[in-house]
Visitor: 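After the structure tokens below, expect a handful of questions from me.
Here is the naming used below: chain letters follow the sequence lines, and residue numbers restart at 1 for every chain. Values in this document were obtained by computation on a predicted structure and should not be read as measured data.
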Amino acid sequence: MNQVFALVDCNNFYVSCERVFNRRLEEVGVVVLSNNDGCIISRSNEAKALGIGMGVPAFKVRSILENNNVEVFSSNYALYADMSDRVMQTLSMFTPEMEIYSIDEAFLNLAGIGDNLTDYGRQIKTTVEKWTGIPVSIGIGSTKTLAKAANKIAKRTDDANIVVDLTDSNDIDKVLESIKVEDVWGVGLKRAAKLRYAGVETALGLKNADTNRIKREFGVVGVRTVYELRGISCYRLAQNPPTKKTIMVSRSFGRAVDDIEELKEAVACYAARAGQELREEKTAANFMTLFVMTTHSRPYRRIFNSDTLGFPTATNYTPELINYSLNALERLYRSGTCYKKAGIILSGLVPENKIQLSLFDEFDRDKSRRLMQTVDYIKNMMPESNLRWAAEGLSQPWQVKFSRRSHRYTTRWDELPEVA
DNA sequence: TCTGGGGTCCTAGGACCC
DNA sequence: TCTGGGGTCCTAGGACCC
């Protein structure tokens, strides 16, 4: 049987989440900023029309924002993650198999659904919008890359109800010709420049490119993209989230930090977060890398320094992770230097029930596991409790800034929306 | 003055082994 | 003086994605 993929993508996702709880934001320019209110990472159509680019630093478009009364929000990840869950749950009712590809996108397997895929797509779209308040775009194709392309077309069409189905299309080529090569899934800045230099400017051009040449210039990844454009599927649906291979927790500070005590708090905080994620994944780490980054300093250099170490026994026990990370920090820290960012990368992840115990292990693993279970439980049930390890500090002056965050409407009792 | 965070996969090259 | 061939594993870096 032929494969059929649908790509469902939430429109301007973060902005749409804000709009669900704030009617005032309909039909006006809205943007959402990254951590520390640094960059623009989500824009309403009105904001896009003002020429505000994706990923641009907020300070560069400040006057545009102010002159046009654009509503500006800090990121509210608790809200977005919860809204994402709702969307994904709704989608899962329409397919036996789906892959959650990112916070705002999912691939659905629609093979065997029948002839009228467009109708089925519309049904999905209306249901998601009705149940969650989030508008979505849907593209359908015989490969993931074609579904992505179809989605692109759906997004740029004015008709709000459109679902683009390329499996039904006799003139896929005509559609592909209208897509710029840099808009093809898997073609980024570098590859696009090289392709254009070689005279390939559209998705159609890439589809018809000589595979030997593509292989030479772009390796197997490039060839796969060409095949996918030709309707030969190279990427399967990845089911029930594949286990992570690394876990990274890193943040820029709200301000420059030179005091090692403050740095220690931040690092302990990231280690605690990383440990929690390990346990959520039911994995333990064998390696840890700590990195720190200095502020920009003349002449425009950022110094990045890192230290990797292997644990004697794979672990997901937070106090242990904090200890190791603080030791690593002592090695990296140079007094008199201003730091702007730190982060922890955990790798060599193994299932927690398959930990190879060291002969000289002195920890009571069972006791520590129960302690972590209790801590995680309290944190999940009572996020407002602010339960944390002593090493994470109390006032946390280095904390990331979210000066314009909306309420966490769906995950905090104390921030429920009010009905006037 | 102010530029996010979290991932994956592939490749080339070096170390090492027989 | 001549100086093989094949394989694995690991790592760093590049490119891409959202």
Visitor: Is it true that atom NZ of A:K48 has more than 12 heavy atoms of other residues, nucleotides or ligands lying nearer than 6.0 Å?
Guide: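 Yes, because the 6.0 Å sphere around NZ of A:K48 holds more than 12 heavy atoms from other groups.
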
Visitor: For A:T289 and A:T308, does a side-chain donor sit closer than 3.5 Å to a side-chain acceptor?
Guide: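 Yes, side-chain donor-acceptor contact under 3.5 Å.
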
Visitor: Using a strict 4.0 Å threshold on nitrogen-to-oxygen distance, state whether A:E277 and A:R273 make a salt bridge.
Guide: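 Between A:R273 and A:E277 there is a salt bridge, with a charged N closer than 4.0 Å to a carboxylate O.
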
Visitor: Would you say C:dC18 has OP1 or OP2 under 4.0 Å from some side-chain N or O of A:K148?
Guide: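 Answer is yes, contact under 4.0 Å.
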
Visitor: So, A:Y101 versus A:W185, ring centres under 6.0 angstrom or not?
Guide: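 Yes; A:W185 has its ring centre under 6.0 Å from that of A:Y101.
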
Visitor: Is A:K207 paired with A:D173 through a side-chain N to carboxylate O contact shorter than 4.0 Å?
Guide: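 Between A:K207 and A:D173 there is a salt bridge, with a charged N closer than 4.0 Å to a carboxylate O.
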
Visitor: Just compare B:dT3, B:dG5, C:dC17 and give me whichever is closest to any side-chain atom of A:Y101.
Guide: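 So the side chain of A:Y101 is nearest to C:dC17.
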
Visitor: Could you check whether A:E18 and A:Y80, counting side-chain N and O atoms only, form a donor-acceptor pair closer than 3.5 Å?
Guide: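 Yes, a side-chain donor-acceptor pair sits under 3.5 Å.
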
Visitor: Under 4.0 Å between a side-chain nitrogen and a carboxylate oxygen: does that hold for A:R19 and A:E46?
Guide: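 The answer is yes: the pair qualifies as a salt bridge.
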
Visitor: Can you tell me if A:S137 and A:N11 form a side-chain donor-acceptor pair at under 3.5 Å?
Guide: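 On atom types as modelled, these side chains qualify, holding a pair under 3.5 Å.
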
Visitor: Do any of residues 66-87 of chain A sit with a heavy atom less than 4.0 Å from DNA chain B, and if so which?
Guide: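 Residues of residues 66-87 of chain A under 4.0 Å from DNA chain B: none.
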
Visitor: Just do the side chain to side chain contact (heavy atoms under 4.5 Å, CB included) check on A:K125 and A:V128 with the steps written out, would you?
Guide: CA-CA 5 Å; A:K125 191 169 148 65; A:V128 172; over 6 Å; no

Visitor: Could you give the CD-to-P distance, from A:E105 to C:dC18, as a whole number of Å?
Guide: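 Answer to the nearest Å: 6 Å.
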
Visitor: Quantified in whole Å, what is the C1' atom distance between nucleotide C:dC17 and nucleotide B:dG4?
Guide: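 The same atom, C1', in both gives a distance of 15 Å.
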
Visitor: Between atom CZ in A:F402 and atom C1' in B:dG5, what is the gap in whole Å?
Guide: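 Going from CZ in A:F402 over to C1' in B:dG5 covers 10 Å.
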
Visitor: Hey, is the side chain of A:R251 poking within less than 4.0 Å of OP1 or OP2 on B:dG6, counting only N and O atoms?
Guide: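 Answer yes for this pair, as a side-chain N or O of A:R251 is under 4.0 Å from OP1 or OP2.
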
Visitor: With a 4.0 Å limit, can you tell me whether A:K60 has a side-chain N or O closer than that to the phosphate oxygens OP1/OP2 of B:dT3?
Guide: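 So the side chain of A:K60 is outside the cut-off, no N or O lying under 4.0 Å from OP1 or OP2 of B:dT3.
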
Visitor: Over all strands shown, is A:V56 touching base, sugar-phosphate only, or nothing at heavy-atom distances under 4.0 angstrom?
Guide: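 Result for A:V56 = nothing.
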
Visitor: Once Watson-Crick and G-U wobble pairs under 3.5 Å are found, how is DNA chain B written in dot-bracket notation, 5' to 3', with | for any base paired to another strand?
Guide: ....||||||||||||||

Visitor: Ignoring the backbone of A:K190, work out which of B:dG4, C:dC16, C:dC18 is nearest its side chain.
Guide: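 For the A:K190 side chain, the nearest candidate turns out to be C:dC16.
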
Visitor: Which is true for A:L33 with a 4.0 Å heavy-atom rule: it touches a base, it touches only sugar-phosphate, or it touches nothing?
Guide: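 The answer is nothing, as A:L33 stays clear of every strand by at least 4.0 Å.
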
Visitor: Check whether any side-chain nitrogen or oxygen of A:N36 sits under 4.0 Å from OP1 or OP2 of B:dG4, and answer yes or no.
Guide: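 For B:dG4, OP1/OP2 do not have a side-chain N/O of A:N36 under 4.0 Å.
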
Visitor: Report the distance from atom CE of A:M88 to atom P of C:dC18, rounded to the nearest whole Å.
Guide: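 From A:M88 CE to C:dC18 P: 13 Å.
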
Visitor: Would one find a side-chain N or O of A:S252 under 4.0 angstrom from OP1 or OP2 of B:dG5?
Guide: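 Yes, because at least one side-chain N or O of A:S252 sits under 4.0 Å from OP1 or OP2 of B:dG5.
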
Visitor: How close or far is atom C1' of B:dG5 from atom CD1 of A:I103, stated in whole angstroms?
Guide: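 Atom CD1 in A:I103 sits about 12 Å away from atom C1' in B:dG5.
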
Visitor: Do NZ/NE/NH1/NH2 and the carboxylate oxygens of A:E217 and A:R191 come within less than 4.0 Å?
Guide: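 Between A:R191 and A:E217 there is no salt bridge, as every charged N stays at least 4.0 Å from the carboxylate O atoms.
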
Visitor: Checking all strands, does A:V61 fall into the base, sugar-phosphate, or nothing category for heavy-atom contacts under 4.0 angstrom?
Guide: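 A:V61: no heavy atom of the nucleic acid under 4.0 Å.
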
Visitor: Judged by each residue's nearest nucleotide on DNA chain B, which is more toward the 5′ side, A:F218 or A:S250?
Guide: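 Here A:S250 is the residue nearer the 5' end.
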
Visitor: Measure from CG on A:N12 to P on C:dC18 and round the result to the nearest Å.
Guide: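 Taking atom P of C:dC18 as the reference, CG of A:N12 is at 14 Å.
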
Visitor: Walk me through it: do A:E262 and A:R255 pass the test salt bridge (Lys or Arg N to Asp or Glu O under 4.0 Å)?
Guide: CA-CA 11 Å; A:E262 284 187 19; A:R255 60 161 167 76; 3.2 Å; yes

Visitor: Would you list the protein and nucleotides 8-13 of chain C atom pairs, both N or O, that sit under 3.5 Å from each other?
Guide:
none

Visitor: Indicate, with a heavy-atom threshold strictly under 4.0 Å, whether A:D37 touches base, sugar-phosphate, or nothing.
Guide: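 The answer is nothing, as A:D37 stays clear of every strand by at least 4.0 Å.
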
Visitor: How close or far is atom P of B:dT3 from atom CZ of A:F253, stated in whole angstroms?
Guide: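 In whole Å, B:dT3 P lies 13 Å from A:F253 CZ.
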
Visitor: For A:K215 and A:V249, find the nucleotide of DNA chain B closest to each by heavy atoms; which residue's nucleotide sits nearer the 5' end?
Guide: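 It is A:V249 whose nearest nucleotide is closer to the 5' end.
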
Visitor: Side chain of A:L189, heavy atoms from C-beta onward: which of C:dC16, C:dC18, B:dG5 has the nearest atom to it?
Guide: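 The answer is C:dC16.
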
Visitor: Name the closest nucleotide to the A:K244 side chain, picking from B:dT3, C:dA15, B:dG7.
Guide: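 For the A:K244 side chain, the nearest candidate turns out to be B:dG7.
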
Visitor: In whole angstrom, give the distance that lies between atom CZ of A:R224 and atom P of C:dA15.
Guide: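 One finds 18 Å between P of C:dA15 and CZ of A:R224, rounded.
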
Visitor: Is it true that A:R230 and A:T211 share a donor-acceptor pair across their side chains at a distance under 3.5 Å?
Guide: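 Their side chains do not contain a donor-acceptor pair, so the 3.5 Å distance test is not met.
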
Visitor: Rounded to whole angstroms, how far apart are CD1 on A:I100 and C1' on B:dG6?
Guide: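 To the nearest whole Å, that distance equals 17 Å.
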
Visitor: Looking only at side chains, do A:D82 and A:T411 share a donor and an acceptor under 3.5 Å apart?
Guide: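 Result is no, nothing qualifies.
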
Visitor: Counting any heavy atom closer than 4.0 Å, what does A:K401 reach on the DNA or RNA strands: base, sugar-phosphate only, or nothing?
Guide: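 Nothing, no heavy atom under 4.0 Å.
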
Visitor: Please tell me if A:K341 has a side-chain N or O lying less than 4.0 Å from either OP1 or OP2 of B:dG5.
Guide: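 Yes, A:K341 has a side-chain N/O under 4.0 Å of OP1/OP2 on B:dG5.
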
Visitor: Quick test of your reading of the model: are A:E352 and A:R369 salt-bridged, counting only N-O distances below 4.0 Å?
Guide: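 Here A:E352 does not pair with A:R369 in a salt bridge, since their nearest N and O are not under 4.0 Å apart.
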
Visitor: Remember a base hit wins even if backbone is also touched, and classify A:E182 as base, sugar-phosphate or nothing at under 4.0 Å, heavy atoms.
Guide: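 The answer is nothing, as A:E182 stays clear of every strand by at least 4.0 Å.
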
Visitor: Report which part of the nucleic acid A:R62 touches: base, sugar-phosphate, or nothing (heavy-atom distance under 4.0 Å, all strands).
Guide: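 No contact at all - A:R62 keeps every heavy atom at 4.0 Å or more from the nucleic acid.
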
